[in-house]
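To start, the structure under review is shown below, and the notes come after it.
Residue indices begin at 1 and follow the sequence shown.
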Amino acid sequence: MNTLVVRKGPANPLRVVRAAQYVRMSTDAQKYSLENQAAAIAAYAARRHITIVRTYADPGRSGLRIAGRDGLQELIRDVQLGRADFDCVLVYDITRWGRFQDVDESAYYEFICKKAGVRVHYCADDFENDDSLASIVLKNIKRVAAADFSKQLSKKVFQGQCHVVTLGYWRGGPAAYGLRRMLLDEAGKPKGILQYGQRKNLKSDRITLVPGPASEQKVVRRIFSAFADEKKSRTQIAIELNAKGIRNSQGKPWTSLTISNTLKNESYIGNLVFNRRSQKMGEKQVSNPPDMWVRRDHVFKPIIAPTLFAKTQRRLRQVEHGRLMTDQQMLNRLSALYRRKGHLSLKLMMTSKDIPHYKTYAQRFGSLAAAFRQVGFEPKPRYCFQEAAAKAGRLISSVIEDVVTEIERRHISISFLHELRLLTISSTITASVTLARVVSDGEHYPGPKPRWEIQRLKYRRSDLVLIIRLNDRNSGVKDYFLLPTANLPKTRDGRLRISNRVFGPFRCDTFADLIGDLLRRLGRPRAAAPDKQSRSQTSRA
C-alpha cells in the first residue's frame with residue numbers, strides 16, 4: 001500500500017520590502033519640515049513593514065522645476081542606471097514630489113520610476129497609488145492643485161509686498177550702498193541694524209532704511225556729483241572708484257551697470273519704489289511700465305538733495321536719449337556708426353557718444369542682434385543668445401538622435417533626458433552632453449587661433465561628459481570628446497576651454513570613433529558606424 005508522505009520544508013520568510021524616502025522643503029509651512037516629513041514616512045513604512053534604506057533630500061529647494069534639486073536628480077539617475085537598491089520610493093505627498101507647472105512633468109518622473117519597477121508611494125495623501133481609475137483621477141487633481149497653489153501663493157506674496165510698501169516699510173532684500181536696514185518693533189521703535197544676510201524673526205517687526213556710514217554717504221554724493229555736474233560717464237566713475245579700492249555694497253568692483261542703478265535709485269531721496277521689474281513663477285524677468293509701479297514717497301531720510309537727483313535724472317535721459325527717438329532714427333545712427341568703423345560691437349556702442357544705450361536697441365528690436373541685422377551687419381555669435389541657444393539645442397538633439405539609433409541598432413538600451421541633457425546607456429553609464437563653441441578673440445572673430453569654450457553642464461554628477469566640438473565657424477561638428485566627468489579641470493570663473501593637453505587623449509575624430517569609444521566603455525565589441533552616418537555628422541550645420 002502506497003502511503004503519501006508530506007514533508008515540511010523550511011518556512012519561507014516574507015520578503016523584506018526596501019524603500020527610499022524623498023523629502024523636500026522650500027519655504028512652506030512648518031508641517032512640511034524635513035523632520036515632520038520623515039516622521040510621517042517612517043510611520044507609513046512601519047504600518048506596511050517597509051524598511052527605509054536610503055534618503056534623498058532637497059532642503060530649501062523650490063518644487064517648480066527639477067533644476068537645482070540634486071536629491072531628485074540623483075534618485076532619477078539611480079533608478080535609470082539600475083543602481084536603485086530599493087523597491088519603492090516613499091514621499092510625504094504629491095506636493096513634495098513637486099509643484100511642477102506642467103503636471104505632465106510630474107507624471108514623467110514618476111513614470112521613469114514605475115518603468116524601472118520602482119513604485120512611488122504618497123504617504124500622507126488619502127488614496128492608494130495603485131493605478132486604479134480612482135487613484136489616477138485623484139492623483140492628477142492633486143497635481144493640478146499643487147501647481148495652482150504655487151500660482152496663488154505667488155499672488156498673495158506679491159499683494160503682501162505691495163501692502164508693506166504702501167505702509168512705507170522696506171519689503172526685503174539688501175539695502176543699496178550708503179544705506180542700512182533698521183529693524184523696528186510693532187510700535188515703530190528701532191531694535192538695531194540688520195547686517196547683510198540677516199532677517200527679521202517676528203511677523204510684527206518692520207524694516208526701514210536709514211543712512212549708512214558717513215564714508216559711504218560721501219561716495220554716493222560723489223557719484224551723483226561726478227555724473228550730473230562734471231558730466232563724467234558711468235564707466236569713468238566706476239573706473240575711478242575701483243582705482244581707489246572702493247567696493248560696492250556686495251564687496252564687488254563697480255561697473256557701469258551698478259553706477260547706473262545707483263543713479264536711478266530713489267531710495268537716496270527717501271522714496272520707496274517697488275515692482276519696477278518682476279519675475280513670476282521662475283519665468284524670465286521683465287521690466288514693468290511706470291503705471292504698474294508701487295511707490296511711497298518721502299518715507300526715508302534722504303542722503304541726496306532732491307535738486308541734485310532731479311538734475312541727474314535729466315542727464316540720464318539725455319544720455320539714454322534713444323528712448324525719445326523713433327526706430328528709424330536709432331537705426332540711422334547705428335548705420336552711420338557701422339559705415340565709420342566697418343563693424344559693430346557692444347564695446348563700440350558704449351564708447352560712442354551719439355549712440356543710444358544698447359539695452360534700448362534690445363528693447364526696441366527684440367535683441368541687439370536683430371538691430372545689427374537691420375543695418376546690414378551680421379552679428380557675432382556672442383550677440384545671438386537666443387538664436388545660439390536654439391541652434392545648440394537642435395544640434396545636440398540631432399547628434400543624440402544618431403547616437404541613440406546606433407546604440408539601439410546593437411540591441412543596447414539607451415535613453416536621453418532632455419531637461420538635463422543626460423544620456424543613460426545600458427542602465428550602467430550616464431553621460432552629460434554639451435557643446436564646445438569658438439569664442440571671440442578681442443574684436444577679431446574667430447581670430448588667428450580659435451578658442452573653444454565649453455557650455456556649462458546641466459548635470460554634473462554623470463559618469464562621462466560628451467562634448468560636441470563645433471568647427472572654427474560654429475557651423476558644423478568638428479569632432480567629439482568623451483571623458484570621465486572627474487577629469488574636467490576646475491577653474492575659478494567656471495569657464496572651460498578645450499586644450500590638447502587636457503582633452504587630447506579623449507578625442508574622437510569621427511562619429512564612428514565616438515560610437516566605438518562608447519561601446520568600449522560598455523565592454524562591447526567595437527563595430528564601425530556606417531560611413532554615411534559619419535559623413536552626415538561632420539558636415540552637420
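- The shortest distance between side-chain heavy atoms of Phe481 and Ile468 does not fall below 4.5 Å.
- Within the 4.5 Å cutoff, no side-chain heavy atoms of Thr255 are placed close to those of Ile259.
- Partners of Ile239 according to the side-chain contact (heavy atoms from CB on, under 4.5 Å) rule, which considers only residues two or more places apart in sequence or in another chain, are Thr235.
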For residues 73-82, which side-chain N or O atoms pair as donor and acceptor with protein atoms under 3.5 Å away, sequence neighbours left out?
{"from": "Gln73", "atom 1": "NE2", "to": "Ile66", "atom 2": "O", "distance (Å)": "3.0"}
{"from": "Glu74", "atom 1": "OE1", "to": "Arg461", "atom 2": "NH1", "distance (Å)": "3.2"}
{"from": "Arg77", "atom 1": "NE", "to": "Arg461", "atom 2": "O", "distance (Å)": "3.2"}
{"from": "Arg77", "atom 1": "NH2", "to": "Arg461", "atom 2": "O", "distance (Å)": "2.8"}
{"from": "Arg77", "atom 1": "NH2", "to": "Asp463", "atom 2": "OD1", "distance (Å)": "3.4"}
{"from": "Asp78", "atom 1": "OD2", "to": "Tyr56", "atom 2": "OH", "distance (Å)": "2.8"}

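- Taking the six-membered ring wherever Trp is involved, the centroid distance between the rings of Tyr361 and Phe372 does not fall below 6.0 Å.
- The environment of Arg501 atom CZ is sparse: at most 12 non-hydrogen atoms of other residues, nucleotides or ligands sit within 6.0 angstrom.
- Using a 4.5 Å heavy-atom threshold, the side chains of Val477 and Arg469 count as separate.
- Proximity of Leu422 to Ser462: side-chain heavy atoms (C-beta onward) are separated by under 4.5 Å at one or more points.
- Under a 3.5 Å cut-off, the side chain of Asn487 and the backbone N or O of Leu483 do not form any donor-acceptor pair.
- Under a 3.5 Å cut-off, the side chain of Ser106 and the backbone N or O of Val103 do not form any donor-acceptor pair.
- Note: Leu263 CG to Ser260 OG = 6.5 Å, rounded to the nearest 0.5 Å.
- Rounding to the nearest 0.5 Å gives a distance of 9.0 Å between CG of Leu257 and CZ of Arg234.
- Remark: Leu337 CG to Arg339 CZ distance equals 10.0 Å, nearest 0.5 Å.
- Ring planes of Phe224 and Tyr268: perpendicular class, angle over 60° (limits at 30 and 60°).
- Applying the side-chain contact (heavy atoms from CB on, under 4.5 Å) test to Ile246 and every residue at least two apart in sequence or in another chain returns Tyr177, Val219, Leu241, Lys244, Trp254.
- The pair Arg83-Asp85 does not meet the salt-bridge criterion, since no charged nitrogen lies less than 4.0 angstrom from a carboxylate oxygen.
- Residue Leu420 holds its CG atom at 11.0 Å from CG of Leu457, rounded to the nearest 0.5 Å.
- In terms of modelled atom types and a separation under 3.5 Å, the side chain of Arg507 and the main chain of Phe503 share no donor-acceptor contact.
- For the pair His418 and Ser397, the minimum side-chain heavy-atom distance is below 4.5 Å.
- In this structure, Arg65 does not pair ionically with Glu419, as no charged nitrogen and carboxylate oxygen lie closer than 4.0 Å.
- In this structure, CZ on Arg437 lies 9.0 Å from CG on Leu395, to the nearest 0.5 angstrom.
- With sequence neighbours left out, Asp327 forms a salt bridge (charged side-chain N to carboxylate O under 4.0 Å, His left out) with Arg364.
- To the nearest 0.5 Å, the span separating CG on Leu435 from CD1 on Ile467 amounts to 10.0 Å.
- With salt bridges taken as basic N to acidic carboxylate O contacts below 4.0 Å, one links Arg222 and Glu230.
- For the pair Arg315 and Phe227, the cation-pi criterion (under 6.0 Å, within 45° of the ring axis) is fulfilled.
- A salt bridge links Arg520 and Asp517; the closest N-O separation between the charged side-chain nitrogens and carboxylate oxygens is under 4.0 Å.
- In summary, the aromatic rings of Phe377 and Tyr338 are positioned with their centroids under 6.0 Å apart.
- Across Trp293 and Arg276, no two heavy atoms sit closer than the pair NE1-CA, 3.5 Å.
- Residues satisfying the side-chain contact (heavy atoms from CB on, under 4.5 Å) test with Arg199, not counting sequence neighbours, are none.
- A salt bridge links Glu110 with Lys139: the distance from a Lys NZ or Arg NE/NH1/NH2 to an Asp or Glu carboxylate oxygen falls below 4.0 Å.
- Here Lys115 pairs with nothing under the salt bridge (charged side-chain N to carboxylate O under 4.0 Å, His left out) rule; sequence neighbours left out.
- With hydrogens and angles ignored, the 3.5 Å screen pairs a side-chain donor or acceptor of Asn248 with a backbone N or O of Lys252.
- Looking only at side-chain heavy atoms (C-beta outward), Gln250 and Thr258 stay at 4.5 Å or farther from each other.
- Side chain of Gln236 to main chain of Ser233: a donor-acceptor pair is present (N/O by atom type, distance under 3.5 Å, no hydrogens or angles).
- Side chain of Ser426 to main chain of Thr428: no donor-acceptor pair is present (N/O by atom type, distance under 3.5 Å, no hydrogens or angles).
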